[in-house]
Amino acid sequence: MTKTEFAAVLRAKLSSLPQADRDRSVEYYGEMIDERMEEGFSEEEAVAVVGPVENIAEGILAETPAAPKKRGAGRIVLWILAFPLFLVLICTAVSIYAALWACVISIFAAALGCAAGAVAGPFLLGLGFVYGEVAQGVFLFGCAVTCGGLAILLFLPGMAAGKAAVFLGRKMFGLLKKETRA
Amino acid sequence: MDIQLKRGLLEVCVLAAIKNEDSYGYQIIKDMKPYIDLSESTLYPILRRLETAEMLTVRSAEHNGRLRKYYHITPKGIRRIEDFRDDWKEILSICRFIFREDIGDDKN
């Protein structure tokens with residue numbers, strides 16, 4: 001076998017290795033063959049002394065650690081397949097979250113409206129006296145006070161709902177972070 | 001000999017061969033020949049492992065119209081030899097125990 005044949009066979013047997021490893025191996029054994037030839041061996045003898053190319057290739061392949069590529073590819077496939085489900089889950093979660101915040105806003109809006117009504121109370125009473133419609137004025141004032149009461153009543157649930165919404169938001173964000181990191 | 005044991009020992013041998021001056025593959029084999037038979041295919045993975053472990057570096061130099069790879073020991077490689085020198089005393093003690101009958105040590 002000539003040196004060129006040896007190199008070609010070795011290269012072919014190491015085709016599963018990365019280019020750099022393949023080149024390195026072929027260079028090393030090529031150098032060893034050259035050294036022997038320099039000592040006086042013929043090309044055929046030098047190649048024979050270095051050893052059967054099959055064994056050499058086997059040895060090199062045995063030393064190479066197995067590539068962990070497969071695990072990475074499987075992970076990506078899983079994510080692609082699970083994506084529709086994942087998307088549905090996210091949409092559901094976002095909708096619920098949005099609905100919760102809508103409730104919070106409605107409650108606070110109602111509270112604000114009532115508060116506005118309560119503030120109007122004294123004005124309406126005053127106007128009633130001015131226009132001589134005292135009864136109406138007092139009645140409207142009464143309504144305003146009720147509104148004020150309602151505002152105060154709505155405030156507490158509003159705060160509670162708000163806290164719940166914030167809590168839920170944090171939890172969802174945390175979960176999302178964990179999943180995307182893994 | 002146990003393969004792992006031999007590998008470890010041969011790694012230190014190769015480092016010792018390039019400790020005082022850079023050398024190339026075939027020369028390393030010739031230097032070690034009086035002491036231990038080392039084939040090209042045994043040497044190759046050792047050189048690769050030592051390079052990966054940063055105990056030696058490789059450079060190419062021109063020789064007779066072709067490129068020859070020279071190996072140079074690093075400080076980490078020198079430390080490996082020194083660690084082995086420390087291990088050596090322990091190895092001697094272990095051998096003394098294992099072969100205590102042969103060396104008449106068990107008569108105590």
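What you are looking at is a predicted structure, and each value in this text was computed from that prediction instead of being measured. Below, read A as the first sequence line, B as the second, and so on, with proteins coming before strands; counting in each chain starts at 1.
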Quiz item: Does the side chain of A/Leu100 come within less than 4.5 Å of A/Ile96's, by heavy atoms?
Solution: no
Practice problem: With rounding to the nearest 0.5 Å, note down the distance linking CG in B/Leu10 to CD1 in B/Ile46. | Solution: 4.5 Å
Self-check item: Heavy-atom pair of closest approach, residues B/Asp22 and B/His72
Solution: OD1-ND1, 2.7 Å
Quiz item: Just how far is it from atom CD1 of B/Ile18 to atom SG of B/Cys13, taken to the nearest 0.5 Å?
Solution: 12.0 Å
Quiz item: Just wondering, do A/Leu14 and A/Leu17 contact through their side chains at under 4.5 Å, heavy atoms?
Solution: yes
Quiz item: Nearest 0.5 Å, what's the CG-OG1 distance between B/Leu50 and B/Thr74?
Solution: 9.0 Å
Quiz item: When you look at A/Val134 and A/Phe129, which way does the side chain to side chain contact (heavy atoms under 4.5 Å, CB included) test go after all the steps?
Solution: CA-CA 5 Å; A/Val134 179; A/Phe129 275 109; 3.8 Å; yes
Quiz prompt | Residues of residues 77-95 of chain B within contact distance of chain A, non-hydrogen under 4.5 Å | solution = none
Exercise. Sort B/Leu43 into side chain, backbone, both or neither according to what part of it lies under 4.5 angstrom from a heavy atom of chain A.
Key: both
Which atom pairs, one donor and one acceptor, sit under 3.5 Å between chain B and chain A?
from, atom 1, to, atom 2, distance (Å)
B/Arg7, NH2, A/Glu63, OE2, 2.7
B/Tyr26, OH, A/Arg36, NH1, 3.0
B/Tyr26, OH, A/Glu39, OE1, 2.8
B/Lys30, NZ, A/Glu39, OE2, 3.0
B/Glu40, O, A/Tyr28, OH, 2.9
B/Glu40, OE2, A/Arg36, NE, 3.2
B/Glu40, OE2, A/Arg36, NH2, 2.5
B/Tyr44, OH, A/Ser25, N, 3.2
B/Tyr44, OH, A/Ser25, OG, 3.0
B/Arg49, NH1, A/Glu63, OE1, 3.3
B/His63, NE2, A/Glu38, OE1, 3.0
B/His63, NE2, A/Glu38, OE2, 3.2
B/Asn64, ND2, A/Glu38, OE2, 3.4
B/Arg66, NH2, A/Glu35, OE1, 3.3
B/Arg66, NH2, A/Glu38, OE2, 2.9
B/Arg68, NE, A/Glu35, OE2, 2.8
B/Arg68, NH2, A/Glu35, OE1, 3.0
B/Lys69, N, A/Glu31, OE1, 3.0
B/Lys69, NZ, A/Glu27, OE1, 2.7

Quiz item: Do you know which two heavy atoms are closest between A/Val47 and A/Ile33, and how far apart they sit?
Solution: CG2-CD1, 3.9 Å
Quiz item: Does the side chain of A/Leu112 reach to within under 4.5 Å of the side chain of A/Leu154, using non-hydrogen atoms?
Solution: no
Exercise. Inspect the surroundings of CD1 in B/Ile3 and state if more than 12 heavy atoms from other residues, nucleotides or ligands are less than 6.0 Å away.
Key: no
